[in-house]
Amino acid sequence: MEQIKLEYFGEKFNQLQSLDPDAFLTQVRKEGFDTFNNKGLPTHKNEEWKYSGAPVSNLFKKEYQLTEDKKQSQVTKNDIDEMRLPGFENANELVFVNGKFVEELSTIRSSNEQLVVMPLEEAENSNFSEIVKEHLGKSNLFINDGIHALNTSFIYGGVFIYVVKKQIIENPVYLYHISDARDNHILAQPRSLMYVDQRSKVQIVESYKTIGSMDSFTNEVMEIVVNTDAILEYYKIQNDKISASQVATTHIRQIGKCFVHTLVLSLNGGTIRNNTNIIMEAQGNEAHMYGLYLLKGKTHVDNHTLVDNKMPNCFSNELYKGVIDDSATGVFSGKIFVRPDAQKTNAYQSNNNILLSDNANVNSKPQLEIYADDVKCSHGCTVGRLDEEALFYLRARGISKEHAQAMLLQAFASNILDEIKIEPLREFAEELISARLSEVNMEE
Amino acid sequence: MLSIKNLHASVEGTEILKGINLDIKAGEVHAIMGPNGSGKSTLASVLAGREEYEVTEGSVEFLGKDILELSPEDRAREGLFLAFQYPVEIPGVSTVNFIKTALNEKRKYHGEEPLDAVSFMKLMKEKMNLVEIDKSLLTRSINEGFSGGEKKKNEIFQMAMLEPKLTILDETDSGLDIDALRIVASGVNKLRDENRAIIVITHYQRLLDYLQPDFVHVLLNGKIVRNGTKELALELEEKGYDFIKEELSLKEEV
């Protein structure tokens with residue numbers, strides 16, 4: 001902790017605050033910075049950071065460049081073309097470079113009668129001012145640690161996304177987060193607020209890429225508000241290099257009866273912490289949350305999830321699965337709250353892990369806190385090795401040990417991959433995973 | 001084809017096979033009978049290469065090769081097939097994909113090209129008819145939610161697809177009703193020819209009624225104590241294993 005240059009953050013913060021002292025964002029940042037100063041970096045003593053406090057705090061021992069403004073970036077449209085997955089040619093592309101939304105690199109293909117995208121600073125003074133003021137920063141109530149507060153302290157260059165009422169957005173909204181770490185270690189802090197209005201439907205994909213040999217640390221917060229009868233599908237793909245770390249928070253509020261489907265796929269990276277929160281604020285909400293992490297090397301992935309049932313008749317189902325190899329670490333901490341008013345809640349949660357090596361680690365903590373008396377809830381976790389009987393059965397038919405193992409792991413992952421409803425994305429993920437699993441070697 | 005000499009095997013330090021000798025020639029059907037715990041399934045497992053069994057003494061030669069040196073997959077590719085007593089359910093792996101992979105890995109081992117999709121489907125259709133298995137079972141995950149009879153039928157279907165030189169049926173009759181037993185046995189009979197051999201491990205006469213073994217061996221306490229023909233099986237059915245035990249103890253006393 002002593003190596004962190006808090007003065008550096010203070011300086012940058014003051015510069016940012018002087019830009020427009022009376023703005024709404026300026027107040028939000030101030031609250032954030034107060035919390036950051038108050039809480040500092042998380043340690044293992046904080047229950048929510050028991051396993052990831054040290055690795056995440058260690059990331060602050062480097063000197064990062066905190067990009068203060070949207071200076072001319074070296075990232076070009078060609079870089080985006082190279083990153084684009086086949087089948088996503090018509091996506092609405094939102095490009096962030098070092099945490100800042102870059103309009104010139106972004107392409108919104110849906111009409112603005114369907115989808116509105118604008119910088120947060122602009123949104124504060126637009127027709128959407130009320131929405132921004134009402135909903136930005138609500139995740140602070142649920143996550144009040146220093147890391148989250150640090151993002152809030154530096155909300156600048158973020159984005160506001162509005163899905164217009166009754167609009168089905170055919171083409172996914174794809175957020176590319178690029179860290180240009182060619183010259184410096186980069187601390188990127190993207191911030192976005194999305195409002196999915198009544199009876200609309202949208203699919204979001206986020207992916208991350210670090211360019212250059214220096215390190216990147218992305219501390220992201222995305223807040224999404226979903227209104228009545230809307231459908232939100234959210235996908236996060238983490239397949240960056242070992243020098244790329246992140247804390248990625250996705251805070252979703254279901255303010256009307258609506259449907260939410262989330263899926264987080266973590267394949268490569270340094271230290272990764274995902275906070276995926278679903279706050280059910282209306283009756284009859286439904287949410288499905290999936291996660292798949294295939295870890296190797298020294299990758300550390302921590303999935304923290306929260307389902308907060310505040311109102312009656314809500315349904316949630318959560319399934320996270322992991323395959324952990326080498327000296328990698330997986331953490332799952334899932335919390336389900338059922339508040340006193342949330343009668344007739346159905347909430348299910350499950351976390352299954354397969355360890356492939358003696359040095360692989362997993363910490364799984366499913367939690368239920370129930371304050372209502374008429375609910376159906378279950379949770380559970382498993383940690384084990386590959387099924388030896390199944391492995392022998394395949395081998396006894398002439399299938400090599402390596403191939404048999406890959407088939408079994410593929411089967412383990414398949415019911416999560418099936419939940420990727422965007423076909424080109426599912427195909428991409430299946431290919432990635434099949435290539436990855438066939439390179440796994442059995443270690444005894 | 002198969003020559004087992006003085007085979008000793010143990011699991012977790014307990015010796016279960018205590019000197020098995022057995023010779024099997026192409027075209028023959030051998031039945032191995034014996035009470036529970038006599039080592040029948042252990043023998044099947046050792047032959048198929050289950051790793052938890054340790055061979056402490058003896059040799060097993062299969063088609064001129066020392067198979068104890070081979071991995072389970074290489075034994076299978078050499079033409080050994082174990083029909084499991086308890087076939088494993090493997091959710092998420094399709095049966096068709098599994099059999100296709102197995103078949104092609106075997107072909108590759110023998111330096112043959114993989115079967116193309118059309119030839120594979122044709123072969124599958126032919127073998128499906130042969131063993132009277134429903135196509136809908138094969139589109140599902142391996143054995144997932146199958147009844148006991150369906151699982152055993154699936155074993156015989158796999159046998160038909162892989163065309164092994166030596167098949168070991170490990171209590172394939174257990175858990176089968178009379179109709180399923182008849183279908184499974186007739187499937188096996190259709191796959192018999194002068195180039196292949198079969199070892200039938202069973203407790204009961206009824207499967208042997210269908211398969212008509214050439215030789216019957218009685219396994220007791222890790223050793224083959226009696227060799228005979230199918231009449232021996234009938235005698236066992238009538239008198240139980242006790243008469244052999246009695247005979248043996250008489251001999252020892254003498």
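Computed from a prediction, not measured in an experiment: that's the story for all the values here. Chain A is the first sequence line, chain B the second, and so forth, proteins listed ahead of strands; every chain is numbered from 1.
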Measure across A/Ala396 and B/Ala76 and return the closest heavy-atom pair with its distance rounded to 0.1 Å.
O-CB, 3.3 Å
Less than 4.5 Å apart, side chain to side chain, heavy atoms only: is that true for A/Met407 and B/Ser94?
no
Within 6.0 Å of NZ in A/Lys209, more than 12 heavy atoms from elsewhere
no
Is it true that A/Arg397 and B/Glu155 make a salt bridge, defined as a side-chain N closer than 4.0 Å to a carboxylate O?
yes
Students often mix this up, so state it plainly: with edges at 30° and 60°, are the rings of A/Tyr393 and B/Phe84 parallel, tilted or perpendicular?
perpendicular
Counting only heavy atoms not in A/Lys335, do more than 12 sit closer than 6.0 Å to its NZ atom?
yes
With rounding to the nearest 0.5 Å, note down the distance linking CD in B/Glu73 to CZ in A/Phe392.
10.0 Å
Would you say that more than 12 heavy atoms from the other residues, nucleotides or ligands in this model lie under 6.0 Å from the NZ of B/Lys190, or not?
yes
Locate the shortest heavy-atom distance separating B/Gly92 from A/Ser414; write the atom from each residue and the value.
CA-OG, 4.4 Å
By a 4.5 Å heavy-atom criterion (distance strictly below it), what part of B/Pro164 contacts chain A: side chain, backbone, both, or neither?
neither
Give a yes or no on whether A/Lys421 atom NZ has more than 12 heavy-atom contacts from other residues, nucleotides or ligands under 6.0 Å away.
yes
Write down the atom of B/Ala102, the atom of A/Ile399, and the distance for their closest heavy-atom approach.
CA-CG1, 3.7 Å
Whether over 12 other heavy atoms sit under 6.0 Å from B/Tyr86 OH
no
Please evaluate residues A/Glu389 and B/Arg50 with respect to the criterion side chain to side chain contact (heavy atoms under 4.5 Å, CB included), reporting the C-alpha separation (whole Å), side-chain torsions for both, the decisive distance (0.1 Å), and the verdict.
CA-CA 10 Å; A/Glu389 272 300 302; B/Arg50 226 183 245 280; 2.5 Å; yes
Given side chains that start at C-beta, do those of A/Leu394 and B/Ile142 come closer than 4.5 Å, heavy atoms only?
yes
Is the number of heavy atoms from other residues, nucleotides or ligands within 6.0 Å of CD (B/Glu112) greater than 12?
yes
Residue selection (most heavy-atom pairs with chain B, distance under 4.5 Å) from A/Ala413, A/Ala404, A/Ala390
A/Ala390
Indicate yes or no: does B/Glu105 engage A/Arg395 in a salt bridge with an N to O separation below 4.0 Å.
no
If you draw a 6.0 Å radius around CD in B/Glu113, do more than 12 non-hydrogen atoms from other residues or ligands fall strictly inside?
no
